[in-house]
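By convention in this document, chain letters (A, B, ...) are assigned in the order of the sequence lines, proteins followed by strands, and residues within each chain are numbered from 1.
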Amino acid sequence: MEKEYWKWKEYNWKDEDIDWKTGDIISAGVDVGSVSSQAVIMVDGKLFAYSNMRTGSDSPESARKAMDWALENTGLQLKDIQYVVGTGYGRVNVPFANRTITEIACHARGANFMYGPTIRTIIDMGGQDCKAIHCDERGKVTNFLMNDKCAAGTGRGMEVFADLLSVPIEDVGRMSFEVDEEPEPVSSTCVVFAKSEATGLLRKGWHKNKVLAAYCSAMAHRIVTLLERIGVEKDFCITGGIAKNIGVVKRLQKELGVDILETTYDTQIAGALGAALFAKALIEKSRK
Amino acid sequence: MIANYGYKDGSGEFFIRIDTDKCDGCGKCVDVCSSGVLEVRENDFDPLEEKMIAAVTEEHRKKIKYSCAPCKPSKGYTTLPCVEACTKDAIIHSW
C-alpha cells in the first residue's frame, strides 16, 4: 500500500505514579475535533491519563474510542468517572457526556493549566479552524475570535501538503528550514489553491523543502492577520496540532516579535484537558 | 468578555461584537432583528457563571454578511436596529 504521509501517530498515555483509587474527584474531558479526538482523565485536578487519535466519520464512535483508549490499562472504568464534559466540533455527539462546553472556553482553561496563569493570548490551530483567544489569570475567556469558515492555514491543510510532497507530517517543520534562502510565502493559504500553486512551484524546479517553507510562512502570516483584530498580549501560546510544527511556530514568532511559550504537555490535548478541569469544577460546585 | 461572532473572507471582515459584561440579557436586540440572528442564551464561554447573554445563533455565524444585509445602509437604514435597541451599548458591527 502507498504510504500515507499525513498520518500522524495516535497514542495513549498514563501517569504510573497516580493511584486513582485514592483520588476524591475523578473527572474527564472528551474533545471531538474535526480531525482529531482526545480524551483526558484527571484525578483531583492532576493529569492521569489521555488518548489522542483521529476522528472517524462517526463522532459518537470516535468519542467512545478515545475514551476507551484513555481508560486502557488504568483499571478505571467509565462508570468510575464522576463527570464527563464534551467539547469540540463534535461535542453534541459525545453520548456519555454529562454536559457540553464550547472549545473556546476549554482551550483557555487547558492552556492556563499547561502554560501557567501568565498566559493571555492563545491561538488554537486545530484541524479545520483557527481561534484566537484572550484570557485572564484564571483561564477565563475575555475576548475571542474564530475563523471557522474555511480550513485555510489549519492542520488539515498541513496534512494535504505533507501528502502532496511525500514528507512525513512530523518532519514538515524541520525540513522547511533546510533551505538556502527563505522563499516568499505562497499567495494563498486556501488548501485547494495552495496545493495547485505548490504543484506549479515543484514543476518550476523548486525543492520540496522550499515549497514547505513557503507554505509554513503563509500559514504563519494568516495567523498574524487573524490576531490583528484582537491584538497580542503576552504571554502567548499555541495549542492544537500545529503547535508541534516548528516551521510555523518559529516563523510566527519572528513575524509577531513575541516569544511563544513551550510546554511539556501534548498541545493537542488542551481542549480535552480544559474540559476535564471544568468537569472537576462542576463536581465541586454541585457538592457545595 | 468580548465575543466576536462572524468571519473574515475574501470579501471583507464580518463580525458582530458583543460585550458580555455590558449585556444584561434583556433581549431587546432579539426582538428587533428581522432575520433572527440574535438570541439570548447561557454564557457558553464561562460555564461556571449562570448569566444569560445575547449571542449570534449558531445558524447565522457563518453567513452574517447576508443575514444582516436587510438592515445595512444600502437598504436605507442609517443605524442598525439591534445596536439602537441595546441600551447598554453592548453590540458593535465591524462592517
Is atom NZ of A:Lys195 surrounded by more than 12 heavy atoms (other residues, nucleotides or ligands) closer than 6.0 Å? no
Say you draw a straight line from OH of B:Tyr7 to CE of A:Met146; how long is it, rounded to the nearest 0.5 Å? 14.0 Å
Listed by number, the residues in residues 270-288 of chain A that come under 4.5 Å of chain B (heavy atom to heavy atom) are A:Phe278, A:Ala281, A:Leu282, A:Lys285
Pairwise side-chain contact, B:Leu48 with A:Arg138, heavy-atom cut-off 4.5 Å (strictly under): no
Residues in residues 225-241 of chain A that sit under 4.5 Å from chain B, counting heavy atoms only: A:Thr225, A:Arg229, A:Ile230
My understanding is that only residues two or more places apart in sequence, or in another chain, count here; which of them pass ring pair (Phe, Tyr, Trp, His ring centres under 6.0 Å) with B:Phe15? none
How long is the straight-line distance from CG of A:Asp136 back to CE of B:Met1, given to the nearest 0.5 Å? 11.5 Å
Side chain, backbone, both or neither: which part of A:Leu145 has an atom under 4.5 Å from a heavy atom of chain B? both
OH/A:Tyr83: more than 12 non-hydrogen atoms of other groups inside 6.0 Å: yes
Non-hydrogen atoms of A:Ala105 and B:Asp44 that approach each other most closely: CB-O, 4.1 Å
Only counting residues at least two apart or in another chain, list the ones meeting side-chain hydrogen bond (donor to acceptor under 3.5 Å, both in side chains) with A:Arg156. A:Glu159
Using side-chain heavy atoms (C-beta onward) and a distance below 4.5 Å, is A:Val141 in contact with B:Asp46? no
